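First the structure, in the form of structure tokens, and then the observations on it.
Owing to the predicted nature of the structure, the values given are computational and were not obtained by experimental measurement.
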Amino acid sequence: MVLKLTTPARYVLLVFVIIVSLHSILRFTHEDYGRATSFRNIAAQLTWGSPNVDAVPEQYYTPAEPPSFPSSLITRRANATMLMLARNSDVNDAVKSVRRLEDRFNKKFRYPWVFLNEEPFSDEFKKRISNVIQGEVTFGQIPREHWYQPDWIDEEKATAGRNKMAADNIIYGGSLSYRNMCRFNSGFFYHHPLLQQYKWYWRVEPDVHFHCDIEFDPFLYMEDHNKTYAFTITMYEFGATIPTLWDTVKGFVKENPQLVAPNNAMGYLSDNNGDTYNLCHFWSNFEIATMDFWRGEAYTKFFEYLDRTGGFYYERWGDAPVHSIAAALFQDKSKIHFFDEIGYEHNPYSHCPRGEGAWARGKCDCDPKRSFDYEGYSCMRQWDRIQ
């Protein structure tokens, strides 16, 4: 029996074949399109039930109307600081971020601020920042040996790597200063003299937004619940910036198997039990963490191993995948925390609370429907699957 198609049916079939062919081509040639249109991603967009959010308990929230005098605003305080790495030219954006976080959180809790710069801060920067902070603030300069490219790096090889990435239009691909920053944030900031007195830090960058009132102390919550690292946004790294990072990680693990935690978060980092890296990382422009972890044996050995390869300069290894891989492998996965309650934005991505009642309680000005959590480039699905 021969199936005969009418002329309209032939046109419909032809259009269908063209669409399927274009879809297949785009999936293979455009990584972002492939992720966004994968069955896993489409399924994740559907509402199957309430989100799995580890909410902050009621006792960590401050009273709705606290006493008027500052000493009574809180009864406990962690050994913690707010931390920003900035340049003098960032002053306008730095003031915006600080003012937003002071208004949304720190006017109640009054944690100190530490600002770091590879050059001395200008009087204008210090004056304008101090004007929007109610509590203690200190300004420090980064030691030269912690910031600049070390002498043992092969400059010819590093320059070739930068030029190739710049030609390939990779963001910050040609920037040496960006590589200095990534290496500093990966392995040196927690050694700065101004931070030695502190255990915890909250990393803040210029021109970020905090969309909700934060009426609880995240430092105390993490300390009381044995957490070490917290995030609000997770996404894929640009694979072209870290072509040899995962092989280097596997080399370190092979030499130091005793440092890998039994109940780790490998299932977040890899889709095949560690054979390859799926590029997922916690977006480290927001992170609340204990510096005890970075100062500990496992991370110290890990960073030194990575640094010796020169990958921060020959490629463009970022602190986000470096921190994320370490936090996921060298401790129990229960020590990593997702703060759904903290509405946060670093252009162009934002997180808006999705837990029951969190958006209203925080007086959030973000739109939950526009939250990045389950967009195509997000790794929240990978995080959810190991919970």
Side-chain angles (χ1 to χ4, degrees), residues 80-85 116 146 172 178-192 195 198-205 208 218-219 222 227-239 241-242 245-246 248-250 252-253 256 259-261 264-270 277-307 309 311-312 315-339 342 344 346 349 351 378-380 382-383 386:
T81 185
M82 321 302 289
L83 174 64
M84 181 181 288
L85 178 65
L116 299 179
H146 289 177
Y172 304 121
Y178 187 83
R179 288 167 169 81
N180 290 337
M181 178 192 70
C182 290
R183 180 172 178 261
F184 172 75
N185 281 329
S186 294
F188 295 99
F189 80 91
Y190 46 89
H191 293 307
H192 194 281
L195 294 175
Y198 298 113
K199 175 181 179 180
W200 298 90
Y201 70 99
W202 181 334
R203 177 171 163 180
V204 184
E205 293 203 351
V208 295
F219 298 118
M222 292 180 68
K227 308 290 186 180
T228 62
Y229 188 92
F231 70 98
T232 57
I233 294 176
T234 172
M235 64 174 63
Y236 294 100
E237 178 61 291
F238 296 109
T241 66
I242 54 168
L245 176 59
W246 191 247
T248 306
V249 170
K250 290 199 291 185
F252 176 81
V253 168
N256 301 273
L259 298 179
V260 179
N264 60 58
M266 177 65 85
Y268 161 75
L269 298 174
S270 175
Y277 178 33
N278 62 17
L279 304 179
C280 286
H281 69 279
F282 307 119
W283 212 20
S284 60
N285 49 70
F286 172 104
E287 58 184 9
I288 303 175
T290 170
M291 287 180 277
D292 287 353
F293 180 73
W294 310 131
R295 294 163 177 158
E297 177 192 9
Y299 187 77
T300 298
K301 289 183 175 180
F302 179 64
F303 172 75
E304 290 175 350
Y305 186 94
L306 297 185
D307 196 36
T309 70
F312 289 101
E315 298 177 10
R316 205 219 68 186
W317 293 358
D319 54 277
V322 171
H323 278 189
S324 302
I325 291 169
L329 293 184
F330 306 136
Q331 59 179 354
D332 192 283
K333 65 183 181 181
S334 66
K335 293 180 178 290
I336 304 172
H337 185 72
F338 166 57
F339 270 123
I342 300 178
Y344 174 73
H346 184 299
Y349 305 114
H351 162 70
S378 171
C379 281
M380 202 66 203
Q382 286 78 355
W383 175 251
I386 67 168

[X] versus [Y], closest heavy-atom pair with distance:
X	Y	value
C280	L269	O-CD2, 3.8 Å
C182	G318	SG-CA, 3.8 Å
Y198	R295	O-NH1, 3.0 Å
L259	K301	CD1-CD, 4.2 Å

Legend entry - Listed partners of N185 passing side chain to side chain donor-acceptor pair (under 3.5 Å), at least two apart: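 With sequence neighbours excluded, N185 shows a side chain to side chain donor-acceptor pair (under 3.5 Å) to no residue whatsoever.
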Legend entry - T234 and Y268 side chains, donor-acceptor separation under 3.5 Å: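 Checked: Y268/T234 side chains pair up, N/O donor to acceptor below 3.5 Å.
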Please state whether the rings of [X] and [Y] are parallel, tilted or perpendicular, taking 30° and 60° as the class boundaries.
X	Y	value
F282	Y229	tilted
W202	F219	perpendicular
Y299	F293	tilted

Legend entry - From CA spacing to verdict: salt bridge (charged side-chain N to carboxylate O under 4.0 Å, His left out), R203, D319: CA-CA 12 Å; R203 177 171 163 180; D319 54 277; 2.9 Å; yes
Is there a donor-acceptor pair under 3.5 Å between the side chain of [X] and the backbone N or O of [Y]?
X	Y	answer
Q331	A327	yes
T309	L306	yes
Y236	G239	no
Y190	G187	yes

Legend entry - Within the 6.0 Å centroid threshold, strictly below: F303 and W294: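 Ring-ring flag for F303/W294: false, centres at least 6.0 Å apart.
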To the nearest 0.5 Å, tell me how far [X] [atom1] sits from [Y] [atom2].
X	Y	atom1	atom2	result
L329	M266	CG	CE	5.0 Å
M291	K199	CE	NZ	10.5 Å
W317	S186	CH2	OG	10.0 Å
F189	H192	CZ	NE2	12.0 Å
I233	C379	CD1	SG	12.0 Å
R179	R316	CZ	CZ	7.0 Å

Inset, instruction - Kindly check if the number of other-residue, nucleotide or ligand heavy atoms within 6.0 Å of OH (Y305) is above 12? - result: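 Counting other residues, nucleotides and ligands, OH of Y305 exceeds 12 neighbours.
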Legend entry - Residues in side-chain contact (heavy atoms from CB on, under 4.5 Å) contact with F238, at least two apart in sequence or another chain: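 F238 satisfies side-chain contact (heavy atoms from CB on, under 4.5 Å) with I171, T241, Y377 only.
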Inset, instruction - Could you walk me through whether I242 and L279 pass the side chain to side chain contact (heavy atoms under 4.5 Å, CB included) test, one step at a time? - result: CA-CA 9 Å; I242 54 168; L279 304 179; 3.9 Å; yes
Inset, instruction - Assess whether side chain to side chain contact (heavy atoms under 4.5 Å, CB included) is satisfied between Q382 and N278, documenting all intermediate values. - result: CA-CA 9 Å; Q382 286 78 355; N278 62 17; 4.0 Å; yes
Inset, instruction - Identify the residue among F339, Y344, F286, F338 that makes a ring pair (Phe, Tyr, Trp, His ring centres under 6.0 Å) with H351. - result: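 Exactly one option meets the ring pair (Phe, Tyr, Trp, His ring centres under 6.0 Å) with H351, and it is F338.
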Legend entry - From CA spacing to verdict: side chain to side chain contact (heavy atoms under 4.5 Å, CB included), K227, H337: CA-CA 7 Å; K227 308 290 186 180; H337 185 72; 3.9 Å; yes
Legend entry - Worked verdict on E287 versus Y201 for side-chain hydrogen bond (donor to acceptor under 3.5 Å, both in side chains): CA-CA 8 Å; E287 58 184 9; Y201 70 99; 2.8 Å; yes
Legend entry - M84 side chain reached by L116 side chain, heavy atoms, under 4.5 Å: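 No, side chains not in contact.
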Inset, instruction - May I ask you to test the P321-E237 pair for a side-chain heavy-atom distance under 4.5 Å? - result: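 Yes - at least one pair of side-chain heavy atoms lies under 4.5 Å apart.
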Legend entry - Steps toward side chain to side chain contact (heavy atoms under 4.5 Å, CB included) verdict (W246, I325): CA-CA 9 Å; W246 191 247; I325 291 169; 4.1 Å; yes
